[in-house]
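Here's the structure, in C-alpha cells; my notes come after.
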Amino acid sequence: MALRIYNTLTREKELFESVNPGKVGIYLCGPTVYKPCHIGHFIGPVIFDALKKYLIYKGYNVTFVVNITDVDDKMINEAQKRGITTEQLAREISAGYYEALEKLNIDSIDHFPHATSYIPHMIQLIHKLGDQDAAYIADGDVYFDVTKCDNYGCLSNRKQEDQLEGSRQLAGSSQKRNNADFALWKSVGPDEIGWESPWGRGRPGWHIECSVMSMDLLGETFDIHGGGMDLIFPHHENEIAQSQTASGKPYVKYWMHNGLTRVRTKSGSEWKAEKMSKSLGNIKPIAELLEEYPPAILRFFVLSTHYRRPIDFSDEAITAVQKGANNIYRLLDRLEALTGDDIYHTKPNIAAMENQAQSEPDKKFTEDVAQAQLRYLEALDDDFNTAAAIATLFELVNTVNRYLDDQRAQGQTNKEFLTIAQEAGRMITHLGQILGLFTHPLTKAAGTDSLTPQLMELIIKLRKQARTDKNFQLSDTIRDALKNLNITLRDNPDGTTEWQLES
RNA sequence: GGCGGCGUGGCCAAGUGGUCUAAGGCGACGGAUUGCAAAUCCGUUAUCGUGGGUUCGAAUCCCACCGCCGCCUCCA
C-alpha cells in the first residue's frame, strides 16, 4: 500500500516518497492573528493534523509546523483601532486559535513559530538574496526581482505578461524593476512598529516569513507544504522564488492545497455559496461555532469532504452530517453498554475474531470487517480521500448492526457473538482514530457512577411490568420522561430493553 | 484580459476510460419489528450541466456552449 498525493506543482497524483527516509516535514500557513479566527482557518489544520496522524500510522516520523503571523498592516491597524499593542492583540487572538485547535483534537502541531521571533533570520535571508542581486532597494523598500528566478510562476502557472490587464494591481511603486516584484522588507517611520536592519528601520514582507521559518524548522528542502488554494498566488509562488533562489535547492516536494470554505446563504429562493469574507459579513467566529456543535462533529464534517474541494458551510449541512455521525456513535456506545468493555481505547484483534468465529455467519462477518479495514486504508492512500474512507465506516456500521440483528433473530443466547461484534466496534474506533475521529463517546460516558446502571435496571424492570399489565400510559410516561433526560430506550424484539444516553 | 476550480439523485458527497444504470450520508416513501413509538434491518428513490466528437466502450478523454465560484490587492 502506497500513499499517492496530488501535487499542485505538477498537477498530478504522485507517489509519496519522503525527502529523508522515514521522516516527513509538513508546513502549513497559519493565521494572521488580528481578528478572531473562523472555521476557514481550521480546515487546513484539521486536514493536515489528520494527514500527520495517518503518516504516523504508516510509520513516519513527522514534524508539523504552523506559523503565526503576528506582524503586518492588518495587525497594526486593528491594534491601533482597539488602542492596544500588536503584542496584546496577537496574544489574545492566538489564544483563541490554540483553544479551538485543542477542542478540534488538533494536537499534532510541533511548532508554532511567530514571525516576530524570526526577524534576524529574515534579514539574513534577504542579505543572501541581495548577494545574488535577486533583492534590490527601491524607495527604501527591499524587493525581490522575479526575473532572477527562472521558474517563477511554476506553481500558479502564471506568466507575468498576462497579469497586467484587468489586474487590480495599480501602478504604484514605479521604482520596481518588474511589476511582479514583491516586497521583502518595508521601511517604516521612527514611531511605527519596526526593526533595525541594514536597509533602515522596517518590517518584513509577508512572504519572507514562511520561507524563513519553514526552512529553519524543516530544512531547505522539505516534504509537504499546505495551505488554502487562495494562497497559491502570490504567496506560495513567492515563497518558492525566495527560498529556491536563496538555498539553490528545491524548496518543497509536495504542495497540497485545500479547497476554501464557502458559506451557503439563501437569497430569495436561490441558494448561493460564496467565500467567507469580512466584507460579506458572513463569518462566524470559531468560538461561537464550537458552542453550537460538538467539536468532534465539526472535525467529522470537514473530513467528510475531500480536502481539495470547497466546503459549503451551513447549519443544514452540519446537522445532516451530525445525524450520520450519531449513527456511528450510537452503535459504539451500544456495544460498550452490551459488553461493558471500553471499545474507544483498545485496539481491534482480527485474530481473536477469527478464533472466536465458528459459524458461517461469524466467519463472513469477520471477513467483512477485515475487508472494510482494507478499503478504508486504500481510500486514504488515494490522495487522502477521507470522504471515501468515512463511507466505508458507515458500511461497517451497517454490517455490525445487521450482524447483531441476525444473531438476535436466531435467538442466540450465548454471548460469544458479542465478543466478535465488539472487535468490530474496536475496528471502527481504531480506523476513525487514524484521522482523529471517534476518540471518545460524544456524550459523557453513561452511568460513569455505579448507581445509574442499577437505577436504570430498576426503571426498565418497572416499565416492563407496566407493559405486561398493558398499562401503556404508564410505560409511555416513563419512556417520555427518560427521553427528556436524553436517555433513549430500545425495546428489542426478544423482550429485552437497552438504554442509551443520546447527545 | 490572464490563471484556476466546480456543475453527479430532493439535499450533501465519493467516483475521473470497462467491475458505474454510479459508494456513502441526510431526507422521503414502502415493508419487517413494536401495544404504539424509538432504534435497527430490508426495499424503492440518478444514465452523471447542455450539445457535439474520440473510442469496441465515457460521469470519466477532446471541442463548443451555458451556469456557478475563486485568484491576479490582504486572506486558511
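Sequence lines set the chain letters: A, B, ... in the order given, protein chains first and strands last, and positions in each chain run from 1.
One interatomic measurement links the two molecules: CG of A:Leu482 to C1' of B:rA39, which rounds to 15 Å at whole-angstrom precision. Atom pair A:Leu404:CG and B:rA39:C1' shows a separation of 12 Å (rounding to whole Å applied). Distance CG (A:Asp312) to P (B:rC68): 15 Å, rounded to an integer number of Å. Rounded to whole Å, the distance from CG on A:Asn486 to P on B:rA39 is 14 Å. For the pair A:Tyr307 OH and B:rA13 P, the computed distance is 17 Å after rounding to whole Å. When the P atom of B:rU40 is taken as reference, atom CG of A:Asn326 falls 10 Å away, rounded to whole Å. Here B:rG25 presents its P atom at 17 Å from CZ of A:Phe301, a figure rounded to the nearest Å.
B:rU54 sits 8 Å from B:rC61 when the C1' atoms are compared, rounded to a whole Å. Rounded to whole Å, the C1' atom of B:rA59 lies 16 Å from the corresponding atom of B:rG51. Rounded to a whole angstrom, the distance from the C1' atom of B:rC41 to that of B:rC66 is 44 Å. Here, B:rC12 and B:rG49 have their P atoms 14 Å apart, quoted to the whole Å. Taking atom P on both B:rG57 and B:rU19, the two are 14 Å apart, rounded to the nearest angstrom. Between B:rG10 and B:rA28, the distance separating the two C1' atoms is 8 Å to the nearest Å. Taking the P atom of each, B:rC69 and B:rC74 are spaced 23 Å apart, rounded to whole Å. Between B:rC20 and B:rA76, the distance separating the two C1' atoms is 35 Å to the nearest Å.
A salt bridge does not link A:Asp405 with A:Arg408: every distance from a Lys NZ or Arg NE/NH1/NH2 to an Asp or Glu carboxylate oxygen is 4.0 Å or more. Classification of A:Asp406 and A:Lys364 as a salt-bridged pair fails, no side-chain N sitting under 4.0 Å from a carboxylate O. Checked for salt-bridge contact, A:Lys176 and A:Asp181 miss the test: no charged N lies under 4.0 Å from a carboxylate O. Between A:Arg4 and A:Asp383 no salt bridge is recorded (no basic side-chain N to carboxylate O distance below 4.0 Å). Salt bridge annotation for A:Glu237-A:Arg158: absent, with no cationic side-chain nitrogen under 4.0 angstrom from a carboxylate oxygen. Taking 4.0 Å as the cut-off between side-chain N and carboxylate O, A:Glu378 and A:Arg375 do not count as a salt-bridged pair.
Counting non-hydrogen atoms under 4.0 angstrom, A:Gly226 reaches nothing in the nucleic acid. Counting non-hydrogen atoms under 4.0 angstrom, A:Arg490 reaches a base of the nucleic acid. As judged by a 4.0 angstrom heavy-atom cut-off over every strand, A:Thr319 is placed among residues making no nucleic acid contact. No engagement by A:Gly44 is indicated, since no non-hydrogen atom pair under 4.0 Å with the nucleic acid exists. Nucleic acid contact for A:Leu489: base, since at least one base atom lies under 4.0 Å from a heavy atom of the residue. Within 4.0 Å of A:His235, counting heavy atoms only, lies no atom of the nucleic acid at all. At a threshold of 4.0 angstrom between heavy atoms, the contacts of A:Asp476 include nucleobase atoms, whether or not backbone atoms are also involved. A:Asn398 comes within 4.0 angstrom of the backbone, heavy atoms only, and of no base.
Phosphate proximity of B:rG5 to A:Arg309: absent, as no side-chain N or O sits under 4.0 Å from OP1 or OP2. Applying the 4.0 Å criterion to OP1 and OP2 of B:rA38, one finds that A:Lys483 has every side-chain N and O outside that range. The side chain of A:Asn327 contributes an N or O atom lying less than 4.0 Å from OP1 or OP2 of B:rC26. One finds a side-chain N or O of A:Arg330 lying less than 4.0 angstrom from the OP1 or OP2 phosphate oxygen of B:rU40.
For B:rA23, there is no paired nucleotide, since no Watson-Crick or G-U wobble pair has both relevant distances below 3.5 Å. For B:rC74, there is no paired base (Watson-Crick or G-U wobble, both distances below 3.5 Å). Of the nucleotides present, B:rC63 is the one that pairs with B:rG51 by Watson-Crick or G-U wobble criteria, both distances under 3.5 Å. Using Watson-Crick or G-U wobble geometry with both donor-acceptor distances under 3.5 Å, B:rG4 finds its partner in B:rC69. With a cut-off of 3.5 Å on both pairing distances, the Watson-Crick or G-U wobble partner of B:rC56 is B:rG18. Using N1 to N3 plus N6-O4 or O6-N4 for Watson-Crick, or N1-O2 and O6-N3 for G-U wobble, each under 3.5 Å, B:rC29 pairs with B:rG43. Nucleotide B:rG9 forms no Watson-Crick or G-U wobble pair with any nucleotide shown, as no partner meets the under 3.5 Å limit on both distances. When both pairing distances are held under 3.5 Å, B:rG35 makes no Watson-Crick or G-U pair with any nucleotide shown.
Below the 3.5 angstrom threshold, one finds no donor paired with an acceptor across the side chain of A:Asn401 and the base of B:rA39. Taking 3.5 Å as the limit, the base of B:rA39 and the side chain of A:Arg334 contain no donor-acceptor pair of atoms between them.
Here the side chain of A:Phe394 is nearest to one of B:rG24, B:rG70, B:rU40, namely B:rG24. Nearest to the side chain of A:Thr261, among B:rC36, B:rA76, B:rC6, sits B:rA76. Distances were taken from every side-chain heavy atom of A:Lys74 (C-beta onward) to each of B:rA76, B:rA13, B:rC74; the shortest belongs to B:rC74. When distances run from any side-chain atom of A:Arg467 to the nucleotides B:rC69, B:rU34, B:rA76, the shortest one goes to B:rU34. Listed nucleotides B:rA76, B:rC71, B:rG7 differ in distance to A:Arg158; the shortest reach to its side chain belongs to B:rC71. Out of B:rA76, B:rG25, B:rC3, the shortest distance to the side chain of A:Asn157 is found at B:rC3. Side-chain atoms of A:Arg479 lie closest to B:rC36 of the nucleotides B:rC36, B:rG25, B:rC41. The side chain of A:His38 lies closest to B:rA76 when the candidates are B:rA76, B:rA37, B:rC72. The listed nucleotides are B:rC36, B:rA76, B:rC69; the one nearest the side chain of A:Ile43 is B:rA76. Each of B:rC41, B:rG35, B:rC71 was ranked by its minimum atom distance to the side chain of A:Phe472; first place goes to B:rG35.
A:Tyr34 and A:Asp73 share no side-chain donor-acceptor pair at under 3.5 Å. Between the side chains of A:Thr63 and A:Asp110, no donor N or O sits under 3.5 Å from an acceptor N or O. For A:Glu239 and A:His236, the side-chain atoms include at least one donor-acceptor pair closer than 3.5 Å.
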Protein-nucleotides 19-23 of chain B N/O pairs closer than 3.5 Å?
none

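Checked against the 6.0 Å centroid threshold, A:Tyr293 and A:Phe301 do not count as a close aromatic pair.
Positionally, the nearest nucleotide of RNA chain B for A:Pro310 lies more toward the 5' end than for the other of A:Pro310 and A:Arg402. Sequence order on RNA chain B of the closest nucleotides to A:Ile232 and A:Gly40 puts A:Ile232 first from the 5' end.
Remark: A:His207 pairs with A:Phe182, A:His235 by the ring-ring contact (aromatic ring centres under 6.0 Å, His included) rule, at least two apart or across chains.
Minimum interatomic distance between A:Tyr118 and A:Pro113 (heavy atoms only, all atoms of both residues): CE1-CB, 3.7 Å.
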